[in-house]
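Basis for what follows: all heavy atoms, side chains included, without hydrogens, waters or symmetry-related copies.
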Amino acid sequence: MAEHDGGVAPKQLAEDRLLKELEAIHRTRHETLLHGSDDALRTHTQRMSELEGEYLRRHPERMPAAGRTRSGARARHSEE
C-alpha cells in the first residue's frame with residue numbers, strides 16, 4: 001500500500017474546518033466507493049472515521065432528529 005499524507009489531524013482542526021472536511025469527505029464517498037482503488041477506499045474510510053470520531057468527541061450532547069431514531073423510523077413507517 002502506498003504511503004499517504006492523511007492531512008491535518010482532526011483534533012488540530014478548528015470547528016469550521018472540521019465541518020468543511022466532513023462535508024467534503026461525505027460528498028466524495030459515493031464516487032470513491034464506486035470507482036476508487038482499494039487503497040483509495042481504505043484511505044477514505046480511515047479519514048472519514050477519524051473526522052466523524054472527532055466531531056462526536058466534540059459534540060457528545062448532540063441531539064439526533066426524532067426521525068433519525070428507531071422509534072421515529074417505526075412511527076414514520078406506521079403512518080405509511
Side-chain angles (χ1 to χ4, degrees):
M1 183 168 119
E3 288 299 315
H4 175 73
D5 176 14
V8 176
K11 287 183 179 184
Q12 296 176 348
L13 294 171
E15 185 71 12
D16 63 332
R17 184 67 184 170
L18 176 62
L19 291 174
K20 285 181 192 274
E21 293 265 345
L22 281 165
E23 289 171 10
I25 206 156
H26 288 132
R27 201 172 40 252
T28 60
R29 182 62 179 179
H30 188 73
E31 189 72 17
T32 305
L33 175 65
L34 295 180
H35 305 292
S37 67
D38 289 345
D39 284 345
L41 183 58
R42 212 173 359 264
T43 298
H44 199 276
T45 300
Q46 170 91 25
R47 181 67 173 172
M48 187 172 63
S49 178
E50 292 169 356
L51 292 167
E52 289 175 347
E54 179 59 18
Y55 179 84
L56 293 172
R57 185 189 71 75
R58 291 183 191 187
H59 301 280
E61 75 292 346
R62 75 182 187 30
M63 293 296 295
R68 303 295 289 184
T69 64
R70 285 186 183 179
S71 61
R74 281 194 290 270
R76 189 171 57 245
H77 283 80
S78 68
E79 295 171 0
E80 295 174 355

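In this structure, the separation between CD on E23 and CG on L51 is 11.5 Å, given to the nearest 0.5 Å. Rounding to the nearest 0.5 Å places CG of L22 at 11.0 Å from CZ of R27.
Here L33 sits in one hydrophobic cluster together with L41; the rule is ILVMFWY side chains under 4.5 Å apart, joined directly or through other members.
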I would like to know whether E15 and H59 meet side-chain contact (heavy atoms from CB on, under 4.5 Å); could you show each step before the answer? CA-CA 11 Å; E15 185 71 12; H59 301 280; 2.7 Å; yes
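R47 and I25 make their closest contact through CG-CD1, 3.6 Å (heavy atoms, listed as atom of the first residue, atom of the second, distance). R58 and A14 get closest at one heavy-atom pair: NH1-C, 3.8 Å. Minimum interatomic distance between A40 and T32 (heavy atoms only, all atoms of both residues): O-CG2, 3.9 Å. Considering all non-hydrogen atoms of both residues, Y55 and L19 come closest at CE1-CD2, 3.7 Å.
Side-chain contact of T45 with R29: a donor-acceptor pair under 3.5 Å is present, judged by distance alone. A donor-acceptor contact closer than 3.5 angstrom is absent between the side chains of E31 and H44.
Remark: R57 engages E54 in a salt bridge, criterion side-chain N to carboxylate O under 4.0 Å.
Annotation: H30, atom NE2; neighbour count of heavy atoms from other residues, nucleotides and ligands within 6.0 Å does not exceed 12.
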